Amino acid sequence: MDEQHRLITERLEKLERLEELSVDPYPYGFERTHRLAQVHAQGEALIAAEQRVKVAGRIMAKRPHGKLTFAHIEDQDSRLQLFVRKDVLGEDPYAAFKLFDVGDIVGAEGTVVLTKTGELSVMAESVTLLTKSLRPLPEKWHGLQDKELRYRQRYLDLIMSSDVRATFTRRTDVIQTLREVLLAEEFLEVETPVLQPLYGGATARPFTTHHNALDMTLYLRIADELYLKRLVAGGFERVFEFGKDFRNEGIDRTHNPEFTMLECYAAYWDYEDVMGLVQRMFARLAEKFTEDGKLTYGDHVIDFNDGFRRVTFFELLQEHTGVDFQGLAREEVASHAKQLGVEVEDSMGLAKLLDEIFSEKVEPTLIQPTFVCDHPKELSPLAKQHRSHPHLVERFEPFIAGFEVGNAFSELNDPRDQRARFEDQVRLAEAGDDEAQLMDVDYLRALEYGMPPTGGLGVGIDRVAMLFTNSHSIRDVLFFPQMRAEG
RNA sequence: GGGUCUCUAGCUCAUCAGGUAGAGCAACGGACUUUUAAUCCGUAGGUGCUGGGUUCGAGUCCCAGGGGACCCA
């Protein structure tokens, strides 16, 4: 019998002894009067009133001293000491209490007191077992350190670390804040299909699945874009969706195969209007989650007080390489790329080359909030041609701390141009680009009925959550990051 | 895809140079009516990720495989 078995067996034996003492190890509920944080907040008043409280939580520490025991219980957001005395609790209940383990979930009723050392505590008149725990918790001082275990058994990570709980609470607060900004501007929250007969809206490889009854191939969406824009064509003027997207690609500190995206679209807006929205979103986030508009992220201090710097794609390339790439032919760009030490493959088109150079030479430098604007047309098959530069599109990407947190454009709504762009993509696909976008004739049909001029935005929620929780890896803001099958 | 590191008790970590694996916490038994990483006495707990190889002898060296982390592309 292995060690794990022995420790579990011991706890099962205690559970049986408790049942012999008529203690139900898994009762149905507990009427709590105060969360632990409330006890702390109202401490003095509760003591003065000699008020009885009923609190609940998981036993995280137990210090028995013969006829008295100190224990700490922890609930979602706070921790409190229980002061358990045999002469207060009674002989039999104290005997039962001795069988409670660290890890068990209990309720306690009693008055709020200060101990001799001044610690706010509940002087327990009764302690009720609410859930018997069968597995021992990790070491109380170091907690759970093993990252693999933390990701695979997130429940245990959450039990052991209030910081981890706070990170995930913050993630939800970030999402809620963005939702509030959009609702306040009269956007409608909607839902569109995750299972799609054609994938589109981004350059990425999809997950493929099959619907049995319909006997058809379906894809997990890589973006919401084309469906949300159908809704704008349908007359919903401002829509947004928080949704999971799925991309069948590698995993690293900013990529997980499933991730959360916010997309929103506003009729009668162009990309300048969308810039305004992004400014308002981050101003609100900074206001809510920083003291003074300055956010510490790793070694950086991100200053949101002046909003986003606005600069074009080609200006940035020139700034960081000394080369003006505008108007250069593919071969010239390729030779510059080689000189700059950027890996070049024959299959790369002009746009792809520029994108590579940009990723390598420019992106890591974009620490302070920056809008990268006016990308080459070939990189953006769903964005509207720039009103004064035919080779560019009206597009911008907000960058913070060296990574892209979103993507936005004046949406292409000319069905003739959109058809031509899809055809270009199809040619790329035929040439072997497995990320090229697919011709979507139903989407073209929607554009033919007419989609108003529209500004659109996608925001990588996990990355924003990383920023505002100072998390180095996307895995630290996903409850259950993708892992290989357990060895 | 490439490189570096890592996997030892439930957890956190040791084991210098190859010689039958240790500590703390947790657990178990005992003492203890103001502790808070409680203390004190005692006990138990290990396929050393897996599989090969070298060796008289491998947790340790070598090879292959698996999980994980970090960095690079």
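Because the structure is predicted, anything quoted here is derived from the model rather than measured.
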Taking only the side-chain heavy atoms of [X] (C-beta and beyond), determine which of [options] contains the nearest atom.
| X | options | result |
| --- | --- | --- |
| A:Lys140 | B:U34, B:C13, B:A38 | B:A38 |
| A:His472 | B:C11, B:U34, B:C70 | B:C70 |
| A:Arg484 | B:C13, B:G68, B:A44 | B:G68 |
| A:Met483 | B:U35, B:G68, B:C71 | B:G68 |
| A:Leu149 | B:C11, B:U33, B:C70 | B:C11 |
| A:Asp101 | B:C28, B:A38, B:C13 | B:C28 |
| A:Glu139 | B:A37, B:U33, B:G68 | B:A37 |
| A:Arg475 | B:U12, B:A69, B:A38 | B:A69 |
| A:Phe70 | B:A37, B:A44, B:U35 | B:U35 |
| A:Glu148 | B:G67, B:U33, B:A44 | B:G67 |

How would you label the contact of [X] with the nucleic acid (heavy atoms, under 4.0 Å): base, sugar-phosphate, or nothing?
| X | value |
| --- | --- |
| A:Phe83 | base |
| A:Arg150 | nothing |
| A:Asp87 | base |
| A:Met160 | nothing |
| A:Lys62 | nothing |
| A:Glu119 | base |
| A:Gly143 | sugar-phosphate |

Within this structure, what is the [atom1]-to-[atom2] distance between [X] and [N], rounded to whole angstrom?
| X | N | atom1 | atom2 | value |
| --- | --- | --- | --- | --- |
| A:Gln153 | B:C11 | CD | C1' | 11 Å |
| A:Arg152 | B:C11 | CZ | P | 14 Å |
| A:Trp141 | B:G24 | CH2 | C1' | 13 Å |
| A:Lys147 | B:U12 | NZ | C1' | 16 Å |
| A:Lys67 | B:A31 | NZ | P | 9 Å |
| A:Ile159 | B:C11 | CD1 | C1' | 13 Å |
| A:His65 | B:G30 | NE2 | P | 17 Å |
| A:His142 | B:A14 | NE2 | P | 10 Å |

For atom [atom1], what is the distance between [N] and [M], given to the nearest Å?
| N | M | atom1 | result |
| --- | --- | --- | --- |
| B:U12 | B:A69 | P | 15 Å |
| B:C62 | B:U4 | P | 13 Å |
| B:A44 | B:C49 | C1' | 25 Å |
| B:A21 | B:G48 | P | 10 Å |
| B:G18 | B:A31 | C1' | 45 Å |
| B:U6 | B:C61 | P | 10 Å |
| B:G3 | B:U43 | C1' | 48 Å |
| B:G51 | B:G66 | P | 15 Å |

Where A:Gly143 and A:Met160 come nearest, the two heavy atoms and their spacing: CA-CE, 4.1 Å
Shortest non-hydrogen separation from A:Asp75 to A:Leu36 and the atoms involved: OD2-N, 2.9 Å
Would you say A:Lys288 has more than 12 foreign heavy atoms packed within less than 6.0 Å of its NZ? yes
Return whichever of A:Arg11 or A:Glu343 has its heavy-atom-nearest nucleotide of RNA chain B closer to the 5' end. A:Arg11
Assign each of A:Ser473 and A:Gln81 the nucleotide of RNA chain B bearing its closest heavy atom; nearer the 5' end lies the nucleotide of A:Gln81
B:A38 phosphate, OP1 or OP2, under 4.0 Å from A:Arg63 side-chain N/O: yes
Taking [X] for the side chain and [Y] for the main chain, is one N or O donor matched with an acceptor at less than 3.5 Å?
| X | Y | result |
| --- | --- | --- |
| A:Glu109 | A:Val53 | no |
| A:Arg221 | A:Asp245 | no |
| A:Arg154 | A:Phe479 | yes |

Ring of A:Tyr26, cation from A:Lys132 - is the NZ or CZ under 6.0 Å from the centre and inside 45° of the axis? no
Cationic tip of A:Lys62 within the cone over A:Phe97's six-membered ring, i.e. under 6.0 Å and within 45° of the normal? yes
Does the structure show a Watson-Crick or G-U wobble partner for [N], both distances under 3.5 Å? Name it, or say none.
| N | value |
| --- | --- |
| B:A14 | none |
| B:U35 | none |
| B:C61 | B:G53 |
| B:U43 | B:A27 |
| B:G1 | B:C72 |

Side-chain heavy atoms of A:Leu478 within contact of A:Tyr151, under 4.5 Å: no
